[in-house]
2 protein chains.
Amino acid sequence: MLELAVLGLLQASPLHGYELRQRLKATLGTFRAFSYGSLYPTLRGMKEAGWLCEDDGNAEVVAGAPPLTGRRGKVVYKLTAEGKERFQELLAEAGPTSWEDETFGVHFAFFGQTDPEVRVRILEGRRSRLEERRESVRTTLARTRSRLDRYTLQLQEHGLESVEREVRWLTELIETERRTAPPAASHPPPNHPRERGAP
Amino acid sequence: MLELAVLGLLQASPLHGYELRQRLKATLGTFRAFSYGSLYPTLRGMKEAGWLCEDDGNAEVVAGAPPLTGRRGKVVYKLTAEGKERFQELLAEAGPTSWEDETFGVHFAFFGQTDPEVRVRILEGRRSRLEERRESVRTTLARTRSRLDRYTLQLQEHGLESVEREVRWLTELIETERRTAPPAASHPPPNHPRERGAP
DNA sequence: ACCGCGATGTATCGCGGCGATACATCGTCG
DNA sequence: CGACGATGTATCGCCGCGATACATCGCGGT
C-alpha cells in the first residue's frame, strides 16, 4: 500500500523521507495522508527487502564537508533493480486488493504507468465494489427510513449521494478509457469484474 | 470513537454484539464499518471500565432450557449509570476530537441527543477543518498542475470537488440549525451566556 | 429423514497506519 | 543574536481492519 506509493514515487526520481512525504500529499491529495509514523518504518522494511537502497549521489567530491558537516545527514533513497521489478509487478495486479477503499487511490495515481487493460479492470472493479455498497445502503435505508431521526437520515443520504457521485465519476473514466483505447478485436478481456474469490 | 458509537446505540436499548454491529452499519452507513475485531475488544474494555454490563433479561423463567440449551449463549450488553453519564459527557464535547474525519460521523449520528449549541459548534469546526484542507489542496494543485499527468490531476480534482461538496452540505446544515434554533444572537465561540449550575 | 448452507453469534490475531512526540539543523527576519 | 518556522529523521502506543476459527439455528432440497 504505502509500499506501492513509495515505489511509484522513487521510480520517478530518488528522494529522501521528508520530500517523499510532501510528494505523497501532493500526489494522493485528500485520499490518503501517510504520516512519518508509517513512512519511515516502511522505508526501512523496503530497504531490508531489497527494493531500495541509499543513494549518496555517487561519493561526495569533497570528502571533508558537504553541506551537512555534522551528524546525521539526509538519507536519500533510490530504487534497486528488484524494486523496479516489484513496482511493475504491483502495477500489473488487478484484483480486489487494487480497488478497495484504501488502495484504489494509490493505484489510480500511477495509472499513467499502468497497462490500459489493467486500468479498465481496476476501474470496473472499483465501480462494482461501490455499486454493491450503494445497493446495500439503499436497501437498509428503505427498510429503516421510518425509524431514523433527522440526523441519521441526513447522514445516510449524504453518504449515498457520495457513493453515487463516485460511481458516476468512475463510469465517465471507464468510457474515456474505452474511447481512447478501443477494445481489442472481438473479445474485450475485462468481461465480468464480478469476482470475489481467489487473488 | 467506537466507544461513543456503542454508548449511543446501547443507550437506546440493550443489544448483543452481532446486533450491535448491524446497527452500527445501519446507523453510520458508508461512513465507518467497524468490524468485530474492534467491537468485541472494545466491548470488553468498556465492561472493565464499568460503562456497561451484561443483561440477562432478569433471570430466565424456565431455568432448564431457553432457546440456547448448550454452551455459550448470546451476551446482551446494557449501559450502567456510569455509562450513561459517560455518553452525556462525550456528547457535550465540542473540540477537534469531534470533527476530525473518523470521529465526526459518529458524533453527527447522535446529534438528536446533542445540545443544539454543541451541534453548531461541531458543524462549524468540521467545516473549517475541511476548508483548510480545501485551500491546501487548491494551492498545491495550482503550484503543481502543470507537472501532473492526466490521472493524478483527475484524482486531485475529484478530491477537491468532494471536499467542496461536503463544505456545501455542512453550510446548509448550519443554516438549518440556525433557522431552527435562532435564540443566541451571534455566535461567540469561547463563552456563552447560558450557564447553569456551578462551573 | 437427512444434509448442506447461509444467517446468526462470539472471539482472537497480526499488521498497517495514525497522531503525538522527540530531537537536530537551517535560513531568515526583527 | 536569538526566536521562529521550515526541513529533516525517527519511535511509540493505540486504533481498527480483515481474516480466521468455531458453534448453533432454521430452512429448503432430494
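Letters go in sequence order (proteins before strands), and every chain restarts at 1.
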Are B/Leu148 and A/Leu24 connected in the hydrophobic side-chain network, where two residues link if heavy atoms are under 4.5 Å apart? no

Expressed in angstrom and rounded to an integer, what is the separation of B/Gln22 atom CD from C/dT10 atom P? 11 Å

Could you state the OH-P distance from B/Tyr40 to C/dC13, rounded to the nearest angstrom? 15 Å

Considering only C/dG17, C/dG9, D/dT11, which nucleotide approaches the side chain of A/Met1 most closely? C/dG17

What closest approach, in Å, do B/Arg86 and B/Leu7 show between heavy atoms, and which atom pair accounts for it? CG-CD1, 3.7 Å

With sequence neighbours left out, the residues meeting side-chain contact (heavy atoms from CB on, under 4.5 Å) with B/Glu172 are none

Contacting residues from residues 23-38 of chain A, given that a heavy atom lies under 4.0 angstrom of DNA chain D: A/Tyr36, A/Gly37

Within this structure, what is the NZ-to-P distance between B/Lys74 and C/dA11, rounded to whole angstrom? 14 Å

Whole-Å distance separating the CG atom of B/Asp101 from the C1' atom of C/dG19: 13 Å

Whole Å only: how far is the CD atom of A/Glu100 from the C1' atom of C/dG16? 15 Å

Among residues 41-52 of chain B, which residues get a heavy atom nearer than 4.0 Å to DNA chain D? none

May I ask you to test the B/Lys47-B/Leu52 pair for a side-chain heavy-atom distance under 4.5 Å? yes

Does a salt bridge link A/Glu19 with A/Arg23, judged by any charged N lying under 4.0 Å from a carboxylate O? yes

In whole angstroms, the gap separating P of C/dG19 from CD of B/Glu102 amounts to 6 Å

When you compare the side chain of A/Thr30 with that of B/Leu160, does any pair of heavy atoms fall below 4.5 Å? no

Side-chain donor-acceptor pairs under 3.5 Å in residues 33-46 of chain A, sequence neighbours left out?
residue: A/Ser35; atom: OG; partner: A/Gly37; partner atom: N; Å: 3.4
residue: A/Ser38; atom: OG; partner: A/Ser35; partner atom: O; Å: 3.4
residue: A/Thr42; atom: OG1; partner: A/Ser38; partner atom: O; Å: 2.7

Inter-end axis angle, the helix from C/dA1-D/dT30 to C/dG30-D/dC1, with every axis fitted to five base pairs (rounded, 10 degrees): 30°

Take the angle between the ring planes of A/Phe87 and A/Phe110 and call it parallel below 30°, perpendicular above 60°, tilted in between. perpendicular

Partners meeting salt bridge (charged side-chain N to carboxylate O under 4.0 Å, His left out) with A/Glu157 (sequence neighbours left out): A/Arg145

Between A/Leu4 (CG) and C/dG17 (P), how many Å, whole number? 11 Å

Select from B/Tyr77 and A/Arg21 the residue whose nearest nucleotide in DNA chain C is closer to the 5' end of that strand. B/Tyr77

Using a 4.0 Å heavy-atom cut-off across all strands, classify B/Leu39 as base, sugar-phosphate, or nothing. nothing

Does a side-chain N-to-carboxylate-O contact under 4.0 Å join B/Glu166 and B/Arg129? no

Calculate the interatomic distance between B/Tyr18 atom OH and C/dG6 atom P; express it in whole Å. 14 Å

Between the side chains of A/Ser162 and B/Arg165, does any donor sit under 3.5 Å from an acceptor? yes

